[in-house]
Amino acid sequence: MHAMVLEAPGTPLKPVTRDTPQPGPGEVLVKVVACGVCRTDLHVVDGDLSDAKLPIVPGHEIVGHVHAIGDGVERFAIGERVGIPWLGHTCGRCHYCRSDQENLCDAPGFTGYQIDGGYADYALADARYSFPLPPDYSDAEVAPLLCAGLIGHRALKMAGEGTHLGLYGFGAAAHIVAQVARHQGRKVYAFTRPGDKAAQDFARSLGAVWAGGSDEPAPHALDAAVIFAPVGALVPAALRATRKGGIVVCGGIHMTDIPAFPYGILWGERSVRSVANLTRGDAAEFLELAPTVPVHVHVETFALSAANEALARLRDGRLTGAAVLLPDQAG
Ligand SMILES: [Zn+2]
Ligand SMILES: [Zn+2]
C-alpha cells in the first residue's frame, strides 16, 4: 500500500510503499476512501506536539470501507463504511476512564500520532473506537466531521448556552460550528486573520451576523468565544470581547504562549478553559446531529501524494473549509 510517512518533525512527509497490515483481535482493516487534514496533523508534522511515535502515518479523520476483520469484532461487516477519529484507544482503568471522561485518559493512543493514521491506502483501527457514518454525506464531506466536527461540537457545548458567540479562526471546525450554532438560534461573530476578506465572506455565507479581523472590536459583547486558531494572543483578545460571566474556550491542542494580561479582563467571573480530545459519546451524539442541522461541509480535495501541499495550504491559511485527501484521486 501507499502511505505518506513522517520520519522526523519539521521534515516533509515521505511517500512510501509498505505491506498492508492485517487486523489483530478486536481490530478492523479499512480501505481508506477519504482522510481529512486537521490542524493537529500540522502540529504533529511541525513538531509542536512531541509525543508522536516515529515514523508515523498522520491522519485522524479517516473514512474507510471495512476490508478485513480481526477476531472478536461483531460490530462491523465487510464493506461497511466507518469513521476512525483521533481517539484510537484508552486504558479503560484510570480515574478518567472510569468517570466518563475518557477524553482525558492517562494512557491514551491517538490516531495519526501514536497509531498509524489515514494518510494511506489502508488503515487499522480498534473497532470499539470506530463509528458507522451517516449516509447523508459523501466520503470527502463526512471526513471533516470526524475531528473538526466532533471537537467543534465539544467546544460548543463547553461554551454554554449564550446567544452571542464569537469564533476565532474560521477554518474547518469553525465553519461547522457556525452552522450548528445558527441552527440553535445563536448569533455568530467570526474573527479571522486581519484582512482575510475571503474567510470573512465565507463566514457570512454560513450565517455569521458579523465577520471581521481579530484585531477589530466585536460589535456586541460576547456571551462566549471559542478559539480555534493556534494563537495565544487571542485569549486576552477574546476575554476583552466577552461579557461578565462569559466563557472563553480554547479548542485546539496547541497554542502559542498566552501573553500576560491584566486581571481586570478575567474579573467578573469570566472563565478560560480548554477542550481536550473527544469521547465516543461525543462522536455518537454529533454524527446523529449533523445531518439534522443539516451541516454542509465545504472541502478542498487533494490526492494522497499531495498531502504536503494540503498541509502547507492549511499552515498558510490558504484553504476555504476543510482539506481532504483522497487516496484514489490521481496525483
Ligand atoms: Zn484511561
Ligand atoms: Zn483533529
Side-chain angles (χ1 to χ4, degrees), residues 4 6 13 32 34-46 48-49 51-52 56-63 83-119 123 125-126 128-131 133 140-156 158 169 171-177 226-230 249-255 274-283 286-287 290 295 297 299 307 310-311 313-315 319 321-325:
M4 296 296 287
L6 178 71
L13 302 180
V32 180
C35 184
V37 176
C38 175
R39 183 168 289 282
T40 298
D41 301 340
L42 202 52
H43 292 312
V44 172
V45 169
D46 290 347
D48 297 324
L49 301 176
D51 291 333
I56 187 77
V57 178
H60 57 268
E61 295 176 327
I62 307 173
V63 180
I84 302 167
W86 170 247
L87 188 74
H89 175 78
T90 56
C91 78
R93 292 184 304 273
C94 72
H95 165 76
Y96 300 100
C97 283
R98 287 187 284 105
S99 57
D100 210 20
Q101 292 177 290
E102 65 180 3
N103 59 309
L104 302 179
C105 176
D106 284 333
F110 296 116
T111 311
Y113 191 32
Q114 286 94 28
I115 303 165
D116 279 335
Y119 288 18
D126 185 325
R128 295 171 300 167
Y129 296 83
S130 308
F131 299 91
L133 294 171
E141 289 166 346
V142 81
L145 296 183
L146 289 164
C147 191
L150 292 186
I151 300 289
H153 175 64
R154 191 171 174 86
L156 184 57
M158 299 288 181
H175 101 281
I176 294 171
V177 170
V226 182
I227 303 174
F228 291 113
V249 181
C250 300
I253 194 170
H254 171 82
M255 211 179 225
S274 64
V275 163
N277 313 315
L278 66 133
T279 67
R280 284 172 280 181
D282 293 326
F286 182 70
L287 292 173
V295 171
V297 186
V299 299
L311 287 164
R313 297 256 313 266
L314 178 59
R315 188 185 291 110
L319 279 172
V324 176
L325 305 179

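The chain is numbered in sequence order, starting from 1. Order of appearance sets the numbers: ligands from 1, and atoms from 1 within every ligand.
- Relative ring orientation between Phe286 and His153 is described as tilted, the plane-to-plane angle lying within the 30° to 60° band.
- The backbone N or O of Pro85 sits less than 3.5 Å from a side-chain atom of Thr111, completing a donor-acceptor pair.
- Counting non-hydrogen atoms of neighbouring residues, nucleotides and ligands closer than 6.0 angstrom, the CZ atom of Arg315 exceeds 12 such neighbours.
- A side-chain N or O of Thr90 and one of Tyr129 form a donor-acceptor pair less than 3.5 Å apart.
- Among the atoms of His95, no N, O or S atom falls under 2.8 Å of the Zn ion (ligand 1).
- The Zn ion (ligand 2) lies at the vertex of an angle of 110° between the NE2 atom of His60 and the SG atom of Cys38 (rounded to 10°).
- Rounding to 10 degrees gives 120° for the angle at the Zn ion (ligand 1) between SG of Cys94 and SG of Cys105.
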